[in-house]
Amino acid sequence: MRRLTLIFRPVLLLMGCLLSAGVLTGCAAGTVQVPVPSPDPAAARLCAGLRPPHRLHGQTERTTSPRSRLVAAWGSPAIALRCGVSRPAALRPASQLVTVNGISWFEEPADRPVTFTAVGRQAYVEVTIPAKYTEHSPPGDVLLELTAAIKAALPEKADGEL
């Protein structure tokens with residue numbers, strides 16, 4: 001009898017996922033691991049006020065692990081946002097930036113869209129966009145959807161400061 005229970009346990013789990021799919025973000029997606037940054041207290045306070053959208057680029061928000069107000073994720077594979085990250089090591093005053101709706105973004109690596117960091121704000125915001133989302137639309141589409149939330153929570157730095 002115990003062997004029969006072990007065989008049917010995965011089937012029952014799958015059925016539970018299918019039945020609750022309308023309530024959950026999806027069992028297949030589950031939670032996504034997003035490393036939580038360790039910002040200074042001022043940046044942490046600003047980032048705690050960041051209210052990213054519940055849907056991004058047509059993707060539903062996912063639960064992150066560990067849970068934190070400093071991170072958010074959408075879709076599978078996950079588009080991940082981390083607020084309060086360190087200044088990118090490769091960022092220089094002469095670095096090429098992409099400006100989307102008044103927010104300057106530093107792209108790493110520069111040869112393909114992977115991670116963008118919002119610069120020129122009181123806290124750095126990092127957004128990682130998997131290739132799946134940039135195959136048919138530019139990464140700027142994702143970044144554009146985040147600009148209102150970033151502008152509302154994170155004031156600009158002094159003129160020209162990255």
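Just so you know, these numbers come straight off a predicted model, no measurement behind them.
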Heavy-atom pair with the smallest gap, counting every atom of [X] and [Y]:
X	Y	result
Pro66	Val36	CG-CG2, 3.7 Å
Ala78	Ala73	CB-CB, 4.2 Å
Arg62	Gly30	NH2-O, 3.3 Å
Cys83	Val125	SG-CG2, 3.8 Å

Are any non-hydrogen side-chain atoms of [X] and [Y] less than 4.5 angstrom apart?
X	Y	result
Val127	Trp105	yes
Pro77	Tyr133	yes
Leu81	Leu56	no
Pro52	Ile150	no
Leu46	Arg121	no
Leu91	Leu97	yes
Thr115	Pro88	no
Arg87	Leu162	yes

Treat each ILVMFWY residue as a node, draw an edge where side-chain heavy atoms are under 4.5 Å apart, and state whether Ile79 and Phe116 are in one component. yes
I'd like to know if Val85 and Phe106 are part of one continuous hydrophobic network [Ile/Leu/Val/Met/Phe/Trp/Tyr, side-chain heavy atoms within less than 4.5 Å]. yes
inquiry  = Looking at Pro35, is its backbone amide N or carbonyl O close enough to the side chain of Arg82 to form a donor-acceptor pair, meaning the two atoms are under 3.5 Å apart?
reply    = yes
**Request:** Taking Lys157 for its side chain and Val119 for its backbone only, find out whether a donor-acceptor pair lies under 3.5 Å.
**Result:** no
| query | Do other residues, nucleotides or ligands put more than 12 heavy atoms under 6.0 Å from the CD atom of Glu135? | reply |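 Enclosed.
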